Amino acid sequence: MKIKLNGYQREVPAGASIADLIAELDLAPEQVAVERNRMLVKRAQHGHTELVDGDTLEIVSLVGGG
Amino acid sequence: MSNMNTQPDNDPPLVMGTYEFASRLFVGTGKYASFEEMQAALLLSGTDCVTVAVRRVNLDPKAGPSIFDFIDRERYTILPNTAGCFDAPSAVRTAQLSREILDTNLVKLEVLGDKRTLLPDPVGTLEATRELVADGFDVMVYTSDDARQCVALQEAGAMAVMPAGSPIGSGQGILNPNAIRIILELLSVPVIVDAGVGTASDVAIAMELGVEGVLLNTAIASAQKPLRMAAAMRDACSAGRNAFLAGRIPKKLYATASSPTAGLIQPSAPQTKAGVLGKHA
């Protein structure tokens with residue numbers, strides 16, 4: 001199924017959860033935060049939140065800034 | 001005289017809500033040539049609190065180390081910002097994302113008006129402050145040096161109000177010190193100058209006005225020698241704060257001699273009254 005991740009189209013397997021996606025992207029779960037369709041999804045929910053076709057995700061982390 | 005205390009009185013830490021900072025310098029982590037340089041600069045600045053920004057993760061498999069590896073959370077309080085947000089809802093979402101990552105209610109709120117000036121959008125800033133305060137955030141809010149806007153932000157529940165000295169990254173220093181003085185008179189929450197600092201004297205000037213702290217990034221990171229500038233900023237913050245606490249002398253138009261006027265030897269040249277007292281004698 002197709003989702004939009006950080007502004008880009010991405011193919012993900014059906015039934016994939018947010019946690020699956022984070023693992024697939026090789027990200028450290030404690031260093032990121034996730035918004036699904038403009039709603040924050042808390043870390044504890046990542047494993048329980050199944051992605052659906054057409055979801056728009058923002059996965060963010062911290063960078064240098066003033 | 002021998003038992004006179006020759007140590008300057010200690011300055012109590014800056015206290016805001018549940019936060020306590022020994023250093024009154026807040027330093028940004030952006031624009032450094034490397035994470036290593038950033039790490040060294042933060043250490044030399046003596047700061048206890050560093051800002052970070054929130055951005056989409058780098059999905060490039062060759063992406064290098066992350067900033068997390070270079071900021072010791074035992075040493076520094078991390079203050080996430082909402083830099084790059086031009087509307088209140090985006091700033092609120094960004095704050096919520098940063099709280100999720102850091103498990104902190106602390107946020108440096110910025111809602112900007114336009115990309116060129118990076119001046120704050122006063123309406124969006126106020127709206128976002130209200131919303132974040134209602135959602136339990138401890139808001140340190142970036143604003144212009146308009147005193148009535150600062151009052152409104154305090155009344156909206158901001159934990160600290162942070163007027164700019166001049167535009168972000170512009171290095172112009174404190175362009176309107178009298179505006180800062182008025183803000184200090186009207187506000188009871190901590191006032192921290194944020195933005196526009198260019199060099200050490202700007203920090204000293206701000207601290208001498210009586211602000212509780214100064215937040216800066218570019219002045220260190222983009223200095224020709226960032227590590228030396230970080231050390232300079234540390235000294236300037238301390239000097240300005242001590243000078244403020246010491247209570248400066250007033251400025252006077254005419255002179256007041258520093259040496260005694262009594263006990264002078266007979267002058268060699270005949271002294272006319274006009275010569276000694278000036279033309280209006």
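This structure is a prediction, so every number in the text was calculated from the model and none was measured. All chains are named by letter (A, B, ...) in the order of the sequence lines, taking the proteins before the strands, and each is independently numbered beginning at 1.
- A donor-acceptor pair shorter than 3.5 Å cannot be found between the side chains of B/Y76 and B/D48.
- Contact annotation for B/S66: only side-chain heavy atoms (C-beta onward) come within less than 4.5 Å of a heavy atom of chain A.
- No side-chain donor from either of B/D202 and B/T199 sits under 3.5 Å from a side-chain acceptor of the other.
- Residue A/L25 touches chain B through its side chain alone, counting heavy-atom pairs closer than 4.5 Å.
- For the pair A/H46/A/I22, a side-chain contact is recorded, criterion being any heavy-atom separation below 4.5 Å from C-beta on.
- Using a 4.5 Å cut-off between heavy atoms, B/L102 contacts chain A through its side chain alone, with no backbone atom that close.
- Of the N and O atoms on the side chains of B/T218 and B/K31, at least one donor lies less than 3.5 Å from an acceptor on the other residue.
- Contacts of B/L59 with chain A are made by side-chain atoms alone, with heavy-atom separations under 4.5 Å and no backbone atom involved.
- Side-chain atoms of B/D135 and B/Q96 form a donor-acceptor pair, as typed in the model, at a separation below 3.5 Å.
- We find that A/E24 and A/R10 are joined by a salt bridge, their nearest charged nitrogen and carboxylate oxygen being less than 4.0 Å apart.
- Looking only at heavy-atom pairs under 4.5 Å with chain B, the residue among A/Q31, A/E58, A/E30, A/R43 that has the most is A/Q31.
- For A/N6, the parts lying near chain B are the backbone and the side chain together; criterion is any non-hydrogen pair under 4.5 Å.
- Of all the listed residues (B/M38, B/E100, B/R56), the one sharing the greatest number of non-hydrogen pairs under 4.5 Å with chain A is B/R56.
- Remark: B/D194 engages B/K108 in a salt bridge, criterion side-chain N to carboxylate O under 4.0 Å.
- With a threshold of 4.5 angstrom between heavy atoms, A/L40 approaches chain B through side-chain atoms but not through N, CA, C or O.
- Chain A forms more heavy-atom pairs under 4.5 Å with one residue of B/V57, B/T51, B/N217 than with any other, namely B/V57.
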